[in-house]
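The next block holds one structure in the form of structure tokens; read it before the comments.
Only this structure's heavy atoms are used, side chains among them; waters, hydrogens and symmetry mates stay out. Remember, predicted model here, so these are calculated numbers, not experimental data. Counting starts at 1 for both ligands and their atoms, in listed order.
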Amino acid sequence: MASFGLTLYSFVYIGLLFCGFCLAADPFANFELDFSYITASPLGVPQQVIAVNGKFPGPTLNVTTNYNVVVNVKNRLDESLLVTWPGIEMRRTSWQDGVLGTNCPIPAKWNWTYQFQVKDQIGSYYYAPSINFQRASGGFGGFIITNRKVISLPFNTPDGDIVITIGDWYTRNHKELRASLDAGKELGMPDGVLINGKGPFQYNSSVPDGIEHETLNVDPGKTYRIRVVNVGISTCLNFRIQSHTLVLAETEGHYTSQQNYSSLDIHVGQSYSFLVTMDQNGTSDYYVVASARFVNQSEWNQVTGVAILHYSNSKSRAAGPLPDPPNDSNDNSFAVNQAMSIRMNNTASGARPNPQGSFRYGSINVTDVYVLKSVPPVMINGKKRATFNGISFVNPETPVRLADNYKVKGSYKLDFPNMPLDRPPTMDRSLINATYKAFVEIVLENNDTVVQSFHMDGYSFFVVGMAYGEWTENSRGSYNRWDAVARSTTQVFPGGWTAILVYLDNAGAWNLRAVNLDRWYLGQETYMRIINPEDDGQKTEMPPPGNVLFCGALAHFQKPQRISASDALRIEGLLKLKSKILVVFVVVIYMMI
Ligand SMILES: *[C@@H]1O[C@H](CO)[C@@H](O)[C@H](O)[C@H]1NC(C)=O
Ligand SMILES: *[C@@H]1O[C@H](CO)[C@@H](O)[C@H](O)[C@H]1NC(C)=O
Ligand SMILES: *[C@@H]1O[C@H](CO)[C@@H](O)[C@H](O)[C@H]1NC(C)=O
Ligand SMILES: *[C@@H]1O[C@H](CO)[C@@H](O)[C@H](O)[C@H]1NC(C)=O
Ligand SMILES: *[C@@H]1O[C@H](CO)[C@@H](O)[C@H](O)[C@H]1NC(C)=O
Ligand SMILES: *[C@@H]1O[C@H](CO)[C@@H](O)[C@H](O)[C@H]1NC(C)=O
Ligand SMILES: *[C@@H]1O[C@H](CO)[C@@H](O)[C@H](O)[C@H]1NC(C)=O
Ligand SMILES: *[C@@H]1O[C@H](CO)[C@@H](O)[C@H](O)[C@H]1NC(C)=O
Ligand SMILES: *[C@@H]1O[C@H](CO)[C@@H](O)[C@H](O)[C@H]1NC(C)=O
Ligand SMILES: *[C@@H]1O[C@H](CO)[C@@H](O)[C@H](O)[C@H]1NC(C)=O
Ligand SMILES: *[C@@H]1O[C@H](CO)[C@@H](O)[C@H](O)[C@H]1NC(C)=O
């Protein structure tokens with residue numbers, strides 16, 4: 001009996017560990033990501049940055065649709081860490097989302113293993129730390145999901161696949177920056193822009209000596225898929241490649257209708273794939289530029305990233321002035337029109353053989369409307385805080401669904417207002433009590449003075465409208481109800497609004513936030529708690545993972561990380577198995593009676 005039990009145990013153990021909730025046929029991709037401090041000088045000034053596996057930026061994770069991704073995150077920092085995967089939908093498992101409302105932080109010197117399936121997804125994403133302002137020091141990298149071989153791409157297979165992270169950068173580290181915010185100060189102008197963790201090529205004498213720049217090596221005549229992610233803090237960057245056309249092909253998991261751009265604005269947290277043909281003659285190298293947008297160009301000149309596109313037959317270095325950014329200082333409709341020109345290719349297959357356009361969002365009736373308004377940071381209880389609808393979010397000490405599972409009362413409130421209210425701003429643990437399978441319209445109003453990006457975890461949404469001025473019910477007449485692109489991060493211009501539609505079919509607690517790191521840090525976020533009232537036991541939402549971390553009111557459940565963690569998992573498995581055997585046993589006895 002004992003030996004039988006052991007055999008059964010080993011069998012189920014493998015099942016639990018590797019295939020609790022997936023199709024056995026879907027492969028596993030295992031990663032070890034080791035977060036530590038290193039010293040680097042991307043802008044010529046030595047500073048502490050967060051490396052992943054010793055590299056800054058971290059390695060790109062490259063998986064295929066439906067893979068089960070297992071990432072063991074080792075926290076070698078001196079403070080707690082959580083890693084989030086924006087745009088990865090984490091179906092039915094907000095337990096793996098890596099934000100404070102869903103996960104307890106990974107304490108310094110501990111490790112924690114994320115496991116999720118990239119179900120029915122393709123596209124370009126990134127990972128980054130979500131707490132303590134750490135993204136400002138690094139810890140980020142690309143995350144791409146390639147299509148299965150059986151699903152064809154809506155373009156010829158590119159000759160190469162290049163991932164580029166761009167972002168504004170300070171020579172102060174994340175601790176100094178958050179100390180400024182804690183003291184109620186603005187961060188001020190960034191010190192530069194990094195491209196793949198490197199500073200600008202010395203395109204003129206305004207760039208100091210001794211800065212290492214990034215070089216992209218290409219062959220003439222070939223076409224590359226260049227994926228660009230803005231992992232920065234708060235600056236929208238205009239991306240362009242001298243003398244080359246950017247054919248926009250994908251954004252955050254959906255193929256776009258392919259169109260040519262000479263440059264594109266990439267807001268904080270956004271990702272794009274461009275098809276770029278090396279159709280120049282290689283007389284010289286070319287500039288790759290990411291420059292600050294919606295700021296005074298002459299004052300923000302230093303906030304410019306420059307890399308080099310190097311043809312294998314190139315005869316000389318790049319020289320002369322950088323290619324111009326859009327000149328739209330007298331035309332604020334340019335940027336909105338560009339954003340709305342990004343359309344879904346409705347006939348392309350995404351991750352599945354059926355076309356992306358088969359979900360006819362335009363003919364579905366909206367069941368709930370939320371208007372979320374942001375304003376410039378305000379003083380609340382003597383602290384400078386940022387708000388949505390007058391509420392500056394305070395993270396629950398016990399993550400939302402963990403509190404629900406263990407019946408911890410009062411961890412959070414479900415009273416987030418659907419509309420901006422005429423009352424003084426407050427700090428609160430207010431969540432949106434959203435309805436499972438509702439089809440909702442969210443209008444994001446930006447009364448702040450800076451362009452914002454807004455992200456929703458666990459979902460892609462349709463960006464149906466965007467404009468300056470007040471949103472009114474009549475604005476609905478301008479919505480794109482046919483081929484709006486689905487994505488997970490959208491810009492909202494100051495003095496304007498953006499409207500999105502989303503079908504709430506992914507149960508869990510999902511973060512809605514400003515991606516601008518300063519605003520997020522100051523509380524401009526909330527969560528949508530989306531629960532199936534008829535939950536049939538784990539069909540709509542997975543139970544907490546076996547390695548779930550406990551904190552807050554449940555901290556007493558947390559074992560110190562002293563036994564080797566593989567033992568810990570095995571013990572978990574054994575406990576689960578015991579309860580399963582008990583159930584089987586009871587059922588058998590019942591049947592015998
Ligand atoms: C920590 O890492 C070890 C391997 O280095 C792994 O076996 C263990 O499962 C990890 N712990 C957690 C809680 O994920
Ligand atoms: C990702 O992997 C695929 C093969 O699965 C490969 O074709 C592609 O070049 C890789 N992309 C990157 C950026 O490494
Ligand atoms: C360097 O180039 C930038 C823009 O391309 C320009 O604004 C600036 O005046 C130039 N600086 C010098 C010193 O040439
Ligand atoms: C788009 O750019 C490509 C070069 O990358 C060019 O071959 C094509 O003709 C352009 N299409 C349009 C409509 O301009
Ligand atoms: C290469 O192209 C540039 C501009 O596009 C042109 O000025 C130059 O003459 C060309 N060189 C050769 C060798 O064709
Ligand atoms: C941009 O900054 C320059 C230099 O400070 C200033 O002279 C100019 O008026 C500013 N332009 C705008 C549009 O604010
Ligand atoms: C931008 O366009 C305006 C006209 O709309 C023109 O007056 C101005 O000189 C242009 N600026 C640059 C830098 O080209
Ligand atoms: C849309 O996708 C189809 C593949 O289904 C492709 O043949 C077509 O070129 C794409 N159209 C555009 C405009 O991107
Ligand atoms: C949407 O609402 C309209 C009017 O309220 C109604 O006539 C229509 O049947 C509804 N459509 C669906 C798909 O429920
Ligand atoms: C949340 O919404 C559901 C209906 O969708 C309602 O039954 C429940 O009472 C609400 N909870 C709170 C705390 O408002
Ligand atoms: C913010 O709202 C006020 C009042 O509606 C309005 O006067 C102001 O122009 C708005 N500012 C921005 C940047 O939207």
Side-chain angles (χ1 to χ4, degrees), residues 13 16-18 30-35 53 70-76 81-83 95-96 98 103-107 109-116 122 147 151-157 247-251 254-261 273-275 294 332 341-358 371 373-378 387 390 420 422 444-452 467-472 483 485 492-498 544-550 558-573:
Y13 164 60
L16 280 174
L17 185 60
F18 295 109
N30 293 281
F31 300 96
E32 296 264 333
L33 296 186
D34 199 323
F35 289 70
N53 298 351
V70 182
V71 192
N72 191 354
V73 167
K74 298 202 166 148
N75 177 8
R76 294 191 201 278
L81 168 73
L82 270 179
V83 182
W95 303 106
Q96 308 289 338
N103 293 72
C104 298
I106 307 167
K109 312 301 173 210
W110 287 34
N111 70 299
W112 195 70
T113 306
Y114 291 77
Q115 182 175 330
F116 50 86
I122 53 102
N147 58 306
I151 314 283
S152 56
L153 288 165
F155 41 81
N156 292 333
T157 304
V247 181
L248 179 64
E250 178 255 338
T251 179
H254 291 87
Y255 294 118
T256 61
S257 194
Q258 287 155 41
Q259 294 185 78
N260 289 0
Y261 294 85
S273 289
F274 303 106
L275 302 172
F294 313 113
N332 69 4
S341 73
I342 300 168
R343 306 294 177 101
M344 185 106 100
N345 181 339
N346 277 339
T347 61
S349 299
R352 277 178 296 192
N354 54 318
Q356 295 180 141
S358 50
V371 178
K373 184 175 188 168
S374 49
V375 297
V378 288
T387 58
D422 196 9
L444 305 158
E445 291 185 334
N446 183 357
N447 194 247
D448 202 336
T449 54
V450 292
V451 61
Q452 302 255 0
Y468 284 97
E470 290 267 309
W471 177 88
T472 66
D483 60 356
V485 77
V492 194
F493 289 102
W497 54 269
T498 297
N547 63 348
V548 72
L549 291 175
F550 294 101
Q558 183 59 48
K559 306 228 168 36
Q561 243 189 34
R562 106 183 99 75
I563 45 174
S564 102
S566 57
D567 287 349
L569 258 183
R570 231 177 56 225
I571 293 162
E572 286 278 357

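Few gaps surround CZ on Arg343; more than 12 heavy atoms of other groups in view lie less than 6.0 Å from it. Within a 6.0 Å radius of CD in Gln259, more than 12 heavy atoms belonging to other residues, nucleotides or ligands are found. Annotation for Asn260: atom CG counts as buried by contact number, over 12 foreign heavy atoms lying within 6.0 Å.
The distance from ligand 8 to the heavy atoms of Gln258 drops below 4.0 Å at these ligand atoms: 12 (C), 13 (C), 14 (O). Close contacts of ligand 8 with Pro154, meaning ligand atoms under 4.0 Å from a residue heavy atom, involve 2 (O), 4 (C), 6 (C). Close approach to Asn547 involves these atoms of ligand 1, each under 4.0 Å from a residue heavy atom: 14 (O). Interface of Ala348 with ligand 8, defined as ligand atoms under 4.0 Å from a residue heavy atom, comprises 2 (O), 5 (O). Listed by number with element, the atoms of ligand 11 under 4.0 angstrom from any heavy atom of Asp448 are 13 (C).
Counting only heavy atoms from C-beta outward, the side chains of Pro420 and Val371 approach each other to under 4.5 Å.
Atom 2 (O) of ligand 11 lies below 4.0 Å from at least one non-hydrogen atom of the protein. Distance check for atom 7 (O) of ligand 8: every protein heavy atom is found at 4.0 Å or beyond. Note that atom 10 (C) of ligand 11 has protein non-hydrogen atoms nearby, at separations under 4.0 angstrom.
Of all protein heavy atoms, the one lying nearest to atom 4 (C) of ligand 11 is Asn447 ND2, 4.8 Å. Of the protein's non-hydrogen atoms, Glu470 OE2, 4.2 Å is the one closest to atom 5 (O) of ligand 11. Closest protein heavy atom to atom 12 (C) of ligand 8: Asn345 ND2, 3.4 Å.
Among the atoms of Trp112, none of the N or O lies under 3.5 angstrom from an N or O of ligand 1. Residue Thr113 places at least one N or O, backbone or side chain, under 3.5 Å from an N or O of ligand 1. Among the atoms of Glu32, none of the N or O lies under 3.5 angstrom from an N or O of ligand 1. Between Ser349 and ligand 8, no pair of N/O atoms sits closer than 3.5 Å.
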Step by step, work out the side-chain hydrogen bond (donor to acceptor under 3.5 Å, both in side chains) result for Asn346 and Asp483. CA-CA 7 Å; Asn346 277 339; Asp483 60 356; 5.3 Å; no
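Panel note: side chain Asn53, backbone Asp34; a donor-acceptor pair is recorded below 3.5 Å.
Taking the six-membered ring for Trp and the full ring otherwise, Phe294 and Phe493 have centroids separated by under 6.0 Å.
Atom CG of Asn147 is separated from atom CD1 of Ile122 by 7.5 Å, given to the nearest 0.5 angstrom. Here the OG1-CG distance, from Thr113 to Leu33, works out to 10.5 Å after rounding to the nearest 0.5 Å.
The minimum heavy-atom distance linking Pro376 with Asp448 is given by the pair CA-OD1, 3.4 Å. Residues Met344 and His254 approach most closely at SD-CB, 3.7 Å, considering heavy atoms.
At least one heavy atom of Lys74 sits closer than 4.0 Å to an atom of ligand 1.
At a heavy-atom distance under 4.0 Å, atoms from both the backbone and the side chain of Thr347 approach ligand 8. When heavy-atom distances to ligand 11 are checked against a 4.0 Å cut-off, Asn446 comes that close only through its backbone atoms N, CA, C and O.
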